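Values below: all heavy atoms of this structure, side chains included; hydrogens, waters and symmetry mates excluded. Just so it is clear, the structure is predicted and the values come from calculations on it, not from any experiment.
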Amino acid sequence: MRLLLMSDTHLPKRAKELPAPLLAELPRADVVFHAGDWVDTATLDLLESRSRWLVGVYGNNDGPELRARLPESAYAELGGLRFGAVHETGPAQGREARCAARFSDLDVLVFGHSHIPWDTTAAGGLRLLNPGSPTDRRRQPHCTYMTATVTDGTLTDLVLHQLPPR
């Protein structure tokens with residue numbers, strides 16, 4: 001099962017559209033995660049129409065229309081792993097412990113907000129993944145997203161994709 005992970009698209013404020021390499025991944029993905037800060041409903045509509053299965057949440061920059069359509073946190077069991085998604089607006093310091101306590105029943109948590117790619121495992125085994133942002137690199141060298149595979153209860157082939165400058 002192939003996964004596509006993204007967050008913090010901030011359209012149309014930080015970019016006019018999703019990058020072509022990211023859009024090219026959509027038909028290859030069995031499940032698409034978006035960890036919040038969509039900003040516009042058009043991006044949600046696009047991903048809903050092109051994704052086999054979309055797991056999305058709202059972020060702190062998402063208004064009432066998106067909050068009416070998306071939960072604060074979302075869950076999916078995929079290939080024997082328990083996944084969750086949340087925007088996670090707390091500080092980086094203490095994130096692992098905070099998320100491990102809040103999401104103790106999960107194997108993998110996809111989160112957003114910081115625009116900083118992240119891949120760590122908290123005490124207790126919760127894997128925390130932040131795909132960064134495909135449209136707003138902030139202080140990072142590149143805009144990014146992630147892909148991964150779930151096979152027999154194991155997350156494999158995790159790749160952080162760096163996008164070319166716009």
Contact list for residues 12-23, test side chain to side chain donor-acceptor pair (under 3.5 Å), sequence neighbours left out: R14-D136
Once rounded to the nearest 0.5 Å, what's the spacing between atom [atom1] of [X] and atom [atom2] of [Y]?
X	Y	atom1	atom2	value
M1	L81	CE	CG	9.5 Å
L129	S7	CG	OG	12.0 Å
R95	T89	CZ	OG1	9.5 Å
L54	L70	CG	CG	7.5 Å
S114	N130	OG	CG	4.0 Å

Heavy atoms from other residues, nucleotides or ligands near CD of E65 exceed 12 (cutoff 6.0 Å): no
Check residues 144-155 and write down every donor-acceptor pair under 3.5 Å in which the side-chain atom is one partner and the other belongs to a residue at least two apart or another chain.
| unit_1 | atom_1 | unit_2 | atom_2 | d |
| --- | --- | --- | --- | --- |
| T144 | OG1 | P131 | O | 2.8 |
| T147 | OG1 | H161 | NE2 | 2.7 |
| T149 | OG1 | D157 | OD2 | 3.4 |

Cluster check [X], [Y]: I/L/V/M/F/W/Y, side chain < 4.5 angstrom:
X	Y	result
M6	L11	yes
V108	L160	yes
W118	V110	no
V86	L106	yes

Taking all non-hydrogen atoms of both residues, which atom of [X] and which atom of [Y] are closest, and how far apart?
X	Y	value
P134	T9	CG-CG2, 3.8 Å
G112	A35	N-CB, 3.6 Å
G56	A74	O-CB, 3.9 Å

Any donor-acceptor pair under 3.5 Å from S133 side chain to H115 backbone: no
With V32, the side chain to side chain contact (heavy atoms under 4.5 Å, CB included) member among V55, L5, L4: L4
[X]: partners by side chain to side chain contact (heavy atoms under 4.5 Å, CB included), with sequence neighbours left out:
X	value
R139	none
A101	none
L46	L18, L23, R50
Q140	I116, P117, R137

Side chain to side chain contact (heavy atoms under 4.5 Å, CB included) between L26 and S51, worked out: CA-CA 6 Å; L26 287 171; S51 301; 4.0 Å; yes
Pairwise ring-ring contact (aromatic ring centres under 6.0 Å, His included) hits with a residue in residues 36-58, at least two apart: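 Applying ring-ring contact (aromatic ring centres under 6.0 Å, His included) to every pair that reaches into residues 36-58, excluding sequence neighbours, yields H34-W38.
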Pairwise ring-ring contact (aromatic ring centres under 6.0 Å, His included) hits with a residue in residues 78-99, at least two apart: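 Pairs touching residues 78-99 that pass the test: F33-F83, H87-H113.
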Criterion side chain to side chain contact (heavy atoms under 4.5 Å, CB included) on R69 and D45, from CA distance to verdict: CA-CA 11 Å; R69 293 174 60 185; D45 294 339; 2.7 Å; yes
Residue pair P141 / Q162, side-chain heavy-atom distance below 4.5 Å: no
Contact check, side chains of T135 and P19, non-hydrogen atoms, under 4.5 Å: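 In contact.
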Ionic contact status for R102 with E88, cut-off 4.0 Å: no
ILVMFWY cluster membership beyond V159 - transitive side-chain contacts under 4.5 angstrom: none
Co-members of V57 in a cluster of I, L, V, M, F, W and Y side chains, linked at under 4.5 Å: none
Selection residues 30-44 - residue pairs positive for salt bridge (charged side-chain N to carboxylate O under 4.0 Å, His left out), sequence neighbours left out: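 Sorted result for residues 30-44: D30-R52.
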Pairs satisfying salt bridge (charged side-chain N to carboxylate O under 4.0 Å, His left out), at least one member in residues 75-87, at least two apart: R82-D107
